[in-house]
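Order of appearance sets the numbers: ligands from 1, and atoms from 1 within every ligand. When a residue number appears, it is its place in the shown sequence, counting from 1.
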Amino acid sequence: MAFKHKDILGLQDLTAEEIELLLNTADNMKEISKREIKKVPALRGKTVVNLFYEPSTRTRTSFEVAAKRLSADTLNIAASTSAVQKGETLLDTARNIEAMKPDIIVMRHAISGAHEYLAKRASFSVINAGDGSHEHPSQALLDMMTMREKLGTIKGLKVAIVGDITHSRVARSNIYGLSKMGAEIFLAGPPTLIPPGVERLGNITVCSKMKDAVEGADVIMMLRIQLERQGKSLLPSMREYARYFGLSEDLVKLAKPGVLVMHPGPMNRGVEICSSVADGANSVILEQVENGVAVRMSMLYHVSGGGPTE
Ligand code: CP
């Protein structure tokens, strides 16, 4: 099947078949990063712009590496050092970049829906690298790629997602993607950080205790507390949060043997996850980062009309 979308704004918009196509292509792309010459000509002559209005380590770097491995020309614009600081609007910035004829803009923005606004007005493709508390599709795709690679399938997996669900774009994209791929999702977090009615978004059970979410889990995905998105303090203290919703070695023992421990990063060691678990035998956190390059190569390839791969 061919990928028919100009943009990738979120996993809510994609079918299970389209997600599978992106994951299959990512599996193939991963091999390129193991070659001595880590480059193929798939995007030769194309220009990819990384436009980041929020900080990023993994996503920005990984999209740049991915574009370069596909032979695209890349450039990075950080809002903190651009004319945005002088009051330029998103649309004016985009129109000025558009005048330089880019093919794909990879954008991170603090406002949910900023990408949809831009994609409707732009001739270039838009890939969402995170919009507010809405979606972070490349993160969920790399999470699913890692689950499939390690456990053979996504269908039927019990996936516990723990932490600040309300403000997490990683949680939302995983909820859409994992539900479409047939996983069961168990959410846990402080009641102030679980949005009412979240069950309606997918194949979800909400647990009041973390223990109930991780018991028998195939995957435990820990989330960072998004203090920058919380208007007021929604937690009594970080110490109390760590006590009730931090991942300890004892909690890992309640999950299935061989459970995958995941975290999208950046991690707050000693808050949502203790160091011995983050660096322990079940942790696949750095494998998630490795798969991020392959998934982003797949996304860039398909929005530029790549079609099916061998
Ligand atoms: N997971 C993630 O989005 O990390 P960055 O904020 O470093 O890109």
Side-chain angles (χ1 to χ4, degrees), residues 8-12 22-23 26 48-69 74-81 104-112 114-115 126-147 149 159 161-178 189 193 219-230 247 260-269 271-273 277-279 283-300:
I8 300 180
L9 305 179
L11 297 193
Q12 189 177 19
L22 287 165
L23 296 179
V48 178
V49 178
N50 283 321
L51 176 60
F52 276 61
Y53 284 82
E54 281 191 326
S56 168
T57 300
R58 283 145 288 268
T59 313
R60 200 204 57 70
T61 316
S62 167
F63 265 115
E64 186 176 355
V65 170
K68 287 193 156 91
R69 298 229 161 124
T74 59
L75 60 123
N76 297 303
I77 303 172
S80 56
T81 53
I104 303 169
I105 287 200
V106 176
M107 185 169 82
R108 172 168 286 187
H109 203 285
I111 296 175
S112 303
H115 297 72
V126 177
I127 295 182
N128 183 357
D131 64 326
S133 305
H134 180 224
E135 283 228 41
H136 191 345
S138 64
Q139 180 67 45
L141 286 167
L142 73 87
D143 293 338
M144 287 193 282
M145 178 180 177
T146 309
M147 289 178 209
E149 189 175 78
V159 181
I161 304 180
V162 183
D164 181 356
I165 310 294
T166 298
H167 301 96
S168 175
R169 53 198 178 203
V170 175
R172 203 151 282 107
S173 284
N174 267 293
I175 285 170
Y176 292 131
L178 288 167
L193 296 176
V219 179
I220 304 173
M221 186 183 294
M222 300 306 299
L223 302 173
R224 184 176 66 86
I225 293 283
Q226 311 261 309
L227 287 175
E228 73 276 22
R229 294 190 212 288
Q230 295 179 13
L247 187 61
L260 306 183
V261 172
M262 296 185 144
H263 195 302
M267 270 188 290
N268 292 306
R269 288 172 183 263
V271 180
E272 68 264 12
I273 190 165
V277 174
D279 303 326
S283 171
V284 292
I285 293 169
L286 292 178
E287 278 138 298
Q288 288 173 263
V289 177
E290 183 185 350
N291 285 339
V293 174
V295 148
R296 288 163 180 134
M297 287 169 80
S298 169
M299 295 169 86
L300 292 167

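Using a cut-off of 4.0 Å between Lys/Arg side-chain N and Asp/Glu carboxylate O, R172 and D131 are scored as not salt-bridged. Under 4.0 Å is where a charged nitrogen must lie from a carboxylate oxygen, and between E54 and R169 at least one such pair does.
At a cut-off of 3.5 Å, with distance as the only test, no side-chain donor of Q288 or T146 sits close to an acceptor on the other residue.
Looking only at distances, no side-chain donor or acceptor of S283 sits under 3.5 Å from a matching main-chain atom of D279.
Protein neighbours of ligand 1 below 4.0 Å, counting non-hydrogen atoms: S56, T57, R58, T59, R108, H136, Q139, P264, G265.
In this structure Y53 satisfies the ring-ring contact (aromatic ring centres under 6.0 Å, His included) test together with H109, sequence neighbours excluded.
Taking the ring centre of F63 as origin, the terminal cationic atom of R296 falls inside the region bounded by 6.0 Å and 45° from the ring axis.
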